[in-house]
Amino acid sequence: MITITKESFGKLKTGEEVSLFRMTNCCGSYIEVLDYGCTLKSICVPNRLLSPVDVCLSYDSIAEYEEQDGYLGAVVGRHANRIGNGKFELNGKKYSVACNNGPNHLHGGIRGFDKYIWQAHTDETGVSFSRLSPDGEEGYPGNLNVCVRYGWSENNELSIHYTADTDADTVINLTNHCYFNLNGGGTALEHVLWVNSHSFCENDSNCLPTGRVVDTADCPAMDFTLPKSIGRDINMDDINLKNAGGYDHNYILSERGDNFAAAMLTCPQSGIDMTVSTTLPGIQVYSANFLTERRGKNGSCYSERDAVCLETQFFPNGLACGFEPAPVLKKGDSFDETTRYSFSLV
Ligand code: BGC
């Protein structure tokens with residue numbers, strides 16, 4: 001049985017109350033989520049010594065969440081990752097969305113989904129968060145009803161189910177921006193990663209996809225078709241790694257859906273292993289290159305490459321690049337995508 005509890009997590013600067021929900025399974029493993037930013041705050045699972053390890057980065061106070069710029073654990077939207085110059089064309093009409101990352105739009109704009117309190121609803125095995133993103137928010141067309149449900153199972157599987165509908169055709173790309181560290185802290189460069197992908201989207205020097213798709217066979221440093229540590233090739237003389245300061249690329253998944261692993265991350269020190277599966281077509285492998293010296297949970301200090309994000313998604317800058325499937329939700333259609341993170345011991 002999953003036990004769900006709710007407690008206060010303090011107040012925003014505006015005085016609004018933030019709640020924390022904890023979902024605990026029969027083994028005592030749990031996840032914690034906040035209604036602020038629909039944020040995944042903790043994932044506590046056993047290591048090989050059967051001691052609990054919180055495998056995601058977080059902050060201790062709501063004030064730090066409000067101040068942060070790293071999107072720790074948040075659901076980002078309406079469009080995760082970048083849209084070049086904040087411009088896209090839909091049904092022959094040109095739209096401009098807020099630019100908040102140099103010349104580009106990033107993770108939903110100035111006030112994206114990560115900076116709102118969502119409406120919470122609990123059921124037997126999970127917590128659902130919903131919000132209405134009004135027509136024109138950050139420049140996006142259409143009133144978008146979004147719901148994100150976090151589920152936690154008896155065998156340490158976290159599911160994130162994204163659903164949405166709209167009253168006008170719009171752009172949508174929802175992901176969760178969790179920073180994983182399967183050792184509970186310190187560098188993640190020794191984590192071993194495998195990705196079910198043979199190609200990735202080339203980026204320019206602002207981490208914006210150019211439209212070119214590169215075969216990993218032509219780019220050994222970028223290749224994760226065989227498991228290797230994140231740190232093994234990260235400093236290689238490779239233009240893709242140099243441009244992004246490490247891994248920060250959308251990999252095109254070879255297979256998707258519940259029956260396929262999209263990626264596997266293993267921590268040799270803790271023995272914790274995480275398998276990702278998703279219905280989405282891509283995954284951003286981000287080695288936390290921009291996570292520079294900052295205070296994290298329990299007084300720890302987070303530095304660059306102390307975590308790995310595996311953000312399942314549509315391909316960034318997809319409309320301008322003509323990538324398929326396009327990150328578009330049509331009026332009358334339903335957005336319905338699920339990503340699962342399953343934890344076990346090696
Ligand atoms: C992006 C990075 C960005 C980070 C934090 C990732 O999803 O790919 O380029 O710096 O999020 O905003």
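Counting convention: from 1, in listed order, for ligands and their atoms alike.
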J.: Number the atoms of ligand 1 from 1 as they appear, then name those within less than 4.0 Å of a heavy atom of N81, with their elements.
T.: 1 (C), 7 (O), 8 (O)
J.: Does NZ or CZ of R78 lie under 6.0 Å from the centre of the six-membered ring of F113, at an angle within 45° of the ring axis?
T.: no
J.: Counting each atom of ligand 1 from 1 as listed, which ones have a heavy atom of Y71 under 4.0 Å away?
T.: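 Close to Y71: 12 (O).
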J.: Say whether R82, considering both its backbone and side-chain N or O atoms, lies within less than 3.5 Å of an N or O atom on ligand 1.
T.: yes
J.: Closer than 4.0 Å to some heavy atom of F290 - which atoms of ligand 1 meet that?
T.: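 Reading through ligand 1 atom by atom, the close ones are 9 (O), 10 (O).
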J.: Is D248 in polar range of ligand 1, meaning some N or O pair under 3.5 Å apart?
T.: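 N/O-N/O distance under 3.5 Å: yes.
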J.: Do the ring planes of F129 and F21 sit parallel (below 30°), tilted (30 to 60°) or perpendicular (above 60°)?
T.: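 If you compare the ring of F129 with that of F21, the planes turn out perpendicular.
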J.: Which of the atoms of ligand 1 are close to E311, meaning less than 4.0 Å from one of its heavy atoms?
T.: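 Selected atoms, number and element: 6 (C), 7 (O).
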J.: Any Lys/Arg nitrogen of D306 or R294 sitting under 4.0 Å from an Asp/Glu carboxylate oxygen of the other?
T.: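 Salt bridge between D306 and R294, a charged N being under 4.0 Å from a carboxylate O: no.
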J.: Under 4.0 Å from ligand 1, counting heavy atoms only, is it the side chain of N101, its backbone, both or neither?
T.: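 For N101, there is no contact with ligand 1 at all, from either part.
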J.: With nothing but distance in play, are any N or O atoms of Y179 less than 3.5 Å from an N or O of ligand 1?
T.: no
J.: How close do L291 and L72 get, counting heavy atoms only, and between which atoms?
T.: CD1-CD1, 4.3 Å
J.: So which bit of L106 gets within less than 4.0 Å of ligand 1, heavy atoms only: side chain, backbone, both or neither?
T.: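 Only the side chain of L106 comes within reach of ligand 1.
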J.: With a distance cut-off below 6.0 Å to the six-membered ring centre and an angular limit of 45° from the axis, does K228 pair with F224 as a cation-pi contact?
T.: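 Judged by the rule (NZ or CZ under 6.0 Å from the ring centre, within 45° of its axis), K228 counts as positioned above F224.
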J.: Give the atom numbers and elements of ligand 1 that come within less than 4.0 Å of a heavy atom of Q284.
T.: 8 (O)
J.: Taking only Lys NZ, Arg NE, NH1 and NH2, and the carboxylate oxygens of Asp or Glu, determine whether E138 and R111 approach each other closer than 4.0 Å.
T.: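 Looking at R111 together with E138, the answer is no, because their closest N to O distance does not fall below 4.0 Å.
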J.: Could you check L345 against L50 for side chain to side chain contact (heavy atoms under 4.5 Å, CB included), going step by step and ending with a plain yes or no?
T.: CA-CA 10 Å; L345 289 171; L50 303 182; 4.2 Å; yes
J.: Can you tell me which residue and heavy atom of the protein come closest to atom 11 (O) of ligand 1, and the distance to 0.1 Å?
T.: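 The answer is H177 NE2, 2.7 Å.
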J.: Can you give me the closest heavy-atom contact between Y150 and L40, atom names plus distance?
T.: OH-N, 3.7 Å
